[in-house]
Number of protein chains: 2
Amino acid sequence: MDKLKKILIDLIQLTEEEWDIIKEKLNRQEYTAKSTIIKEGRIADCIYFIEKGLLRTYYLRDGKEISTYFACDEQFITSYSSFISQTSSLEYLETIENSIVYSISFATMMELYKIASKFEKLGRLLAEKNYLCVIERTRKMQTLTAKQKYLDFIDSYNKKIVQRVPQHQIASYLGIAPESLSRVRKELSIS
Amino acid sequence: MDKLKKILIDLIQLTEEEWDIIKEKLNRQEYTAKSTIIKEGRIADCIYFIEKGLLRTYYLRDGKEISTYFACDEQFITSYSSFISQTSSLEYLETIENSIVYSISFATMMELYKIASKFEKLGRLLAEKNYLCVIERTRKMQTLTAKQKYLDFIDSYNKKIVQRVPQHQIASYLGIAPESLSRVRKELSIS
DNA sequence: ATAATTTATTGATTTCGATTAATAAGAAGC
DNA sequence: GCTTCTTATTAATCGAAATCAATAAATTAT
């Protein structure tokens, strides 16, 4: 929980008193690997801070899983569009590995927003960070070849993610077929 | 300017007093068609509310323009990543038609954020709206065929945008070659 | 109005990565 | 341990859209 505190101090200059408010609202949860936390069609009512573990979001396209996001230790994750719009989720949130998370509900966030503008700022910064992340991804998706996407992926993403996320999930995240990723990797290991 | 006032009342329940604060900070600007407002490499120091007109953002890829966003009357536009991160812009902002905009500088936004949490909320809502917009776009880019993208475009976007944005700019926005868009349109007009 | 430039159309060809299919390698379960 | 299921590799074929090339149509400038 201290990790989250540190991050919040960094991000919004949280005071001890403010931490005490937020601390009470956090809900610690443990999940085994491959647990589904948010299902498609349901509204994401929490945002999760990852104490430890590895999670992803994905959606189904013609029965196939398309991964949209990976996150591990000390990051936030949820079905963010569903969370902010409080409409039913198009995607699933699931653990890849055993994970420990702290959840904050949407209702709590709304309360916090009312309590202090600092929390509103937290909401803004989260949204902005997510925006920057997805806009970068969009651009890369549009301009890079399969090989370039993979090279970019391995050097921009957390080592833990690169090493522990199954290859076919990375492929779907990059918008390429698993067979294509396999070929790209083969090509790269030769040269 | 009244249009903006209405939108802000709607969005963040702006009071008359708050409007008076913000009103003073707005800068009215007129641009002729094809004026560049933000250049690649420069930091976007304003966000623009469009009173009237049509604008787009785009970037260059191998010398070719890739449009990333179109906006017209009563919408906000800027090089948003650059604006929120205050880092140099990867894209250009330019008018497609003669336009009248009201600009608010980054410094002003920061001031406003300090004045009242309501402005911080405005910042959050803008970021969230932009997030939702780009995440939807990303998904469509990844799952739809050229034809589906175009059909989706013409029925989700403002008529003004569909009718007045040059076809090759729409093509680049959809991530397809102008020749392909031409063929898609031909096919659609036959059936 | 006419020339120059930009934008759109059409056809031929190529290409990157998808799909299909089969096998191999790993991991999980009994 | 062996079986089953999942994941990854490899090869052959296919296809949607890109590219290349030429022309036509529409704007813009002179």
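Lettering follows sequence order; numbering is per chain, from 1.
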Query raised in the report: Heavy-atom distance under 4.5 Å between the side chains of A:Glu30 and A:Ser99, does that happen here?
Result: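 Answer no - side chains too far apart.
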Query - Side-chain touch A:Asp73/A:Glu51, heavy atoms, less than 4.5 angstrom - result: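 Heavy-atom side-chain distance check fails, nothing below 4.5 Å.
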**Report entry** Axial bend angle, the helix from C:dA1-D:dT30 to C:dC30-D:dG1: five-pair end segments, nearest 10°
**Finding:**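 Computed angle between terminal axes is 50°.
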Could you work out, with side-chain hydrogen bond (donor to acceptor under 3.5 Å, both in side chains) as the rule, every residue matching [X], not counting sequence neighbours?
| X | answer |
| --- | --- |
| A:Glu179 | none |
| A:Asn98 | none |
| A:Gln163 | none |
| B:Thr36 | none |

Query raised in the report: Considering only heavy atoms, which members of residues 156-173 of chain A lie under 4.0 Å from some atom of DNA chain D?
Result: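 Of all residues in residues 156-173 of chain A, the ones placing a heavy atom under 4.0 Å from DNA chain D are A:Pro166, A:Gln167, A:His168.
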Determine whether the aromatic ring centres of [X] and [Y] lie less than 6.0 Å apart.
| X | Y | answer |
| --- | --- | --- |
| A:Phe70 | A:Tyr157 | no |
| B:Tyr102 | B:Phe49 | no |
| A:Tyr92 | A:Tyr58 | yes |

Query raised in the report: Do B:Ser117 and A:Ser117 have side-chain atoms, one donor and one acceptor, less than 3.5 Å apart?
Result: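 Result is no, nothing qualifies.
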**Report entry** ring pair (Phe, Tyr, Trp, His ring centres under 6.0 Å) partners for A:Tyr80, two or more places apart
**Finding:**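 B:Tyr131.
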**Report entry** Residues in ring pair (Phe, Tyr, Trp, His ring centres under 6.0 Å) contact with B:Tyr150, at least two apart in sequence or another chain
**Finding:**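 Once residues adjacent in sequence are excluded, B:Tyr150 has no partner under the ring pair (Phe, Tyr, Trp, His ring centres under 6.0 Å) criterion.
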Might you list the N or O atoms of the protein lying below 3.5 Å from N or O atoms in nucleotides 25-30 of chain C, with each pair's distance?
none

Query - Option passing side-chain contact (heavy atoms from CB on, under 4.5 Å) with B:Ile22 (candidates B:Ile115, B:Thr108, B:Leu4, B:Leu8) - result: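 Output: one option passes, namely B:Leu8.
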Query raised in the report: Should B:Glu128 and A:Arg124 count as an ion pair when the cut-off is N to O under 4.0 Å?
Result: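 No salt bridge links B:Glu128 with A:Arg124.
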Query raised in the report: Just the endpoints, please: which first and last nucleotides of DNA chain D, 5' to 3', lie under 4.0 Å from a heavy atom of chain A?
Result: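 Range of nucleotides touched by chain A: D:dT7 to D:dA12.
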Report summary line: With B for base contact, S for sugar-phosphate-only contact and - for none (protein heavy atoms under 4.0 Å), nucleotides 17-24 of chain C reads SSBB----
Query raised in the report: Other hydrophobic cluster members with B:Tyr48, side-chain heavy atoms of Ile/Leu/Val/Met/Phe/Trp/Tyr under 4.5 Å, chained?
Result: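 Its cluster mates, by chain and number, are B:Tyr31, B:Ile37, B:Ile38, B:Ile50, B:Leu55, B:Tyr69, B:Ile77, B:Leu93, B:Val101.
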